[in-house]
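Keep in mind the model is a prediction, meaning the values are calculated, not measured.
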Amino acid sequence: MKVTDYYKQYVKEGFDKSGVLNEFSVNPPDDFNFAYDIIDKFAELEPNRAALQWVDINGNDKMLTYGELSKLSSQAANALVKNGVKKGDKIMLVLKRNYQFWYTIIALHKIGAVGIPATHLLTTKDYVYRFEQAEITGVVITALNPEVAERINEADSETGNKIKTKCIVNLKNGEAAPRGFADFDAAIEAEDGNFARVATKATDMMLLYFTSGTTGYPKMVTHNFRYALAHILTAKYWLNVQPDGRHFTVADTGWAKSAWGCLYGQMALGACVFVYDFDRFVPAELLKVIQDYKVTSFCAPPTMYRLFIKEGLKEYDLSNLKYCCIAGEALNPEVFERWKEFTGLKLMEGFGQTESVVMLANLVGMTPIPGSMGKPVPFYDMDIVDDDGNSVPTGEVGEIVVRCERGADGMFGGYFNNDELTVSVWSDGIYHTGDTAYRDEDGYYWYVGRNDDLIKASGYRIGPFEIESVLITHPAVLECAVTGAPDPIRGQVVKATIVLTKSYEPSDALARELQEHVKKNTAPYKYPRIIEFTAELPKTISGKIKRTDIRKGDGK
């Protein structure tokens, strides 16, 4: 059997007359395990097939084949077991975009341990919370950020020294490991590539993600091994990953976006995942990487595309790029049109959460409408409902929900150790996303905002995204966030918090100009009555704007 056809035994697909996917389901065996049944199997079928191409900002690169990925993951599994890891243990991975992340998380799958990807930006307090709430017993980190080991040791001490396994990668030659940490690279080299299969079930917990959240403590989202196969839908029919291409999703391994675009669906198709290891986003550098490494499909947040456009695209050869997607934020139509003008490619938007695979998307073969998230994927029964749970008419804003009566593959298994929180969003077979949208006459969904972000002014329900979309078309606006500010007469008024481009300075005249710009390009009642200029917007460690912090400053 060819690697490129292998996935078909696990999924059922159907297509309409125009070739667009209209049926999708997964049906793995009871003991399905991504590490054994995809990675190790591909190593048998095509050991020399490219699996991962990694390059860093200094030009260092590394190519791993499926044969090498399989062997390294078995070596890593042996090393982890010798360091005390066993089936069911919860192990945190703080590996940034280092290539070691891929064979380490696959090693955890082989052991039957639970992988908990995390960002390197966590504080000691963050680690304390995660160690306690997720019952973490081990960590694997990178030596490129020495303060991470220090914070982990501090957090471990505060939580009773329960972290029994500590490993570190990327130590320099002759460099000693931090106190309590084992040199994981050396430990792997000392092992052979044989690892006996551990009995696991497809319904066993495979991953636990802490959501970045804009309010409250992060939630603990769990996924089982079936989740890996559900992402075939994400990779093949939204990202349009080609088995013989090179796919690049911009994502740190600490976030669920890496599971979406850098691992499960892509490798289940036998594709080569491209990884650019960088810390700071520099548009010119990323464009050159896309050009030099002949990336064929690409996914990034809309902000990156907008900054690519501002950088200028004429100096780069992007002819190998055949498909582009966006996610993470709603797409501004202006970005869509400019990118298409330069590259000839339409940006295919998709929507989903850490709790799911792709839910709404402009799938392969669909005609995208600039600014629309697309339509419900055939995996889920999606709807838009009012506060009482009733479906809303076409054009009316409501909450996006998933009706899970016919199955919940790809959906999370619940919030770990928090049944109350799980039931608050998922009960009676309906999952509440907390995001609002409206549906047009053709069935396309249009994003409005998070439930908490809706602005209710003088009886109007106003979503921040539409106003933000208009504001960023003005040359003075680099970034902006629209919120509702308290008002004694109207209840709330629209407020825009704006970061200016380098060539503009804050002034009352500029504020009036921006207000008029909004009035001319959308319904006048939506214009921001308050404009505040700022040097930067408050953001979560995953880069999402913290509108709650802005609202707190307004006394709400």
For Glu536, does the CD atom have more than 12 heavy-atom neighbours from other residues, nucleotides or ligands under 6.0 Å away?
->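 No, the 6.0 Å shell around CD holds no more than 12 heavy atoms from other groups.
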
Return yes when atom CG of Asn390 has more than 12 non-hydrogen atoms of other residues, nucleotides or ligands closer than 6.0 Å, and no otherwise.
-> yes

Please check this pair: side chain of [X] against backbone of [Y], looking for a donor-acceptor N/O pair closer than 3.5 Å.
X: Glu341; Y: Phe336; value: no
X: Arg306; Y: Glu334; value: no
X: Thr343; Y: Trp339; value: yes
X: His223; Y: Thr354; value: yes
X: Glu399; Y: Gly434; value: yes
X: Thr211; Y: Lys219; value: yes
X: His517; Y: Val470; value: yes
X: Thr497; Y: Thr534; value: no

Donor + acceptor pair across side chains of [X], [Y] (<3.5 Å):
X: Thr123; Y: Asp126; value: yes
X: Asn240; Y: Ser297; value: no
X: Glu355; Y: Tyr415; value: yes

How far does [atom1] of [X] sit from [atom2] of [Y], to the nearest 0.5 angstrom?
X: Arg246; Y: Thr296; atom1: CZ; atom2: OG1; answer: 7.5 Å
X: Tyr237; Y: Met348; atom1: OH; atom2: CE; answer: 14.0 Å
X: Ile326; Y: Cys299; atom1: CD1; atom2: SG; answer: 7.5 Å
X: Glu349; Y: Met373; atom1: CD; atom2: CE; answer: 7.0 Å
X: Ile105; Y: Ser258; atom1: CD1; atom2: OG; answer: 7.0 Å
X: Ile531; Y: Lys495; atom1: CD1; atom2: NZ; answer: 11.0 Å

Are [X] and [Y] close enough that some pair of their side-chain heavy atoms sits under 4.5 Å apart?
X: Thr253; Y: Cys262; answer: no
X: Arg130; Y: Pro218; answer: yes
X: His247; Y: Phe274; answer: no
X: Ile455; Y: Val482; answer: yes
X: Glu479; Y: Lys539; answer: yes
X: Leu233; Y: Leu21; answer: yes
X: Tyr323; Y: Leu239; answer: no
X: Leu360; Y: Tyr447; answer: no

Who are the side chain to side chain contact (heavy atoms under 4.5 Å, CB included) partners of [X], not counting sequence neighbours?
X: Ala118; answer: Met92, Val94, Leu122
X: Lys322; answer: none
X: Ser18; answer: Asp16, Val20
X: Glu513; answer: His474, Leu510

When you check the gap from the basic side-chain N to the acidic O, do Glu468 and Arg547 get nearer than 4.0 Å?
-> yes

Answer yes when Glu516 and Lys519 have at least one side-chain N-carboxylate O distance shorter than 4.0 Å, and no when they do not.
-> yes

Between [X] and [Y], which heavy-atom pair has the shortest distance, and what is it?
X: Tyr227; Y: Ala259; answer: OH-CB, 3.9 Å
X: Ala235; Y: Leu269; answer: CB-CD1, 4.0 Å
X: Cys272; Y: Gly245; answer: CB-O, 3.7 Å
X: Ala327; Y: Trp238; answer: CB-CH2, 3.5 Å
X: Val448; Y: Ala437; answer: CG2-CA, 3.8 Å
X: Tyr380; Y: Ser356; answer: OH-CB, 4.3 Å

Taking the six-membered ring for Trp, is the centroid-to-centroid distance between Phe412 and Tyr209 below 6.0 Å?
-> no

For Met359, the option from Ile400, Thr433, Thr234 that meets side chain to side chain contact (heavy atoms under 4.5 Å, CB included) | Thr433

Should Leu318 and Ile290 be marked as a side-chain contact (heavy atoms from CB on, under 4.5 Å) after you check the CA-CA gap, both sets of side-chain angles, and the distance that decides it?
-> CA-CA 7 Å; Leu318 304 179; Ile290 293 171; 3.9 Å; yes

Enumerate the residue pairs fulfilling salt bridge (charged side-chain N to carboxylate O under 4.0 Å, His left out) with a member in residues 226-239, sequence neighbours excluded, ordered by first and then second residue.
-> Arg226-Asp409

Sequence neighbours excluded - salt bridge (charged side-chain N to carboxylate O under 4.0 Å, His left out) pairs with any residue from residues 254-276 = none

With sequence neighbours excluded, what pairs up with Asp386 under the salt bridge (Lys or Arg N to Asp or Glu O under 4.0 Å) test?
-> none

Please identify each residue that fulfils salt bridge (Lys or Arg N to Asp or Glu O under 4.0 Å) with Asp440, with sequence neighbours left out.
->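 Result, salt bridge (Lys or Arg N to Asp or Glu O under 4.0 Å) vs Asp440: none returned.
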
Please, which pairs that meet side chain to side chain donor-acceptor pair (under 3.5 Å) have at least one residue in residues 361-378, sequence neighbours excluded?
->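 Every pair satisfying side chain to side chain donor-acceptor pair (under 3.5 Å) with a residue in residues 361-378: there are none.
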
ring-ring contact (aromatic ring centres under 6.0 Å, His included) partner of Tyr305, chosen from Phe298, Phe342, Phe281 = Phe298

Derivation and outcome, side-chain contact (heavy atoms from CB on, under 4.5 Å), residues Tyr36 and Asp31 | CA-CA 10 Å; Tyr36 299 116; Asp31 64 348; over 6 Å; no

For Tyr6, enumerate each residue passing the ring pair (Phe, Tyr, Trp, His ring centres under 6.0 Å) test, keeping only those at least two apart in sequence or located in another chain.
-> Tyr10, Phe42

Tell me, please, which residues at least two apart from Phe101 pass ring pair (Phe, Tyr, Trp, His ring centres under 6.0 Å).
-> none

Give the table of side-chain donor-acceptor pairs shorter than 3.5 Å for residues 200-207, with sequence neighbours excluded, one pair per line with atom names and distance.
unit_1	atom_1	unit_2	atom_2	d
Thr200	OG1	Asn33	ND2	3.1
Asp204	OD2	Lys201	N	2.8

Assess whether side-chain contact (heavy atoms from CB on, under 4.5 Å) is satisfied between Phe308 and Leu286, documenting all intermediate values.
-> CA-CA 9 Å; Phe308 285 153; Leu286 202 61; 3.5 Å; yes

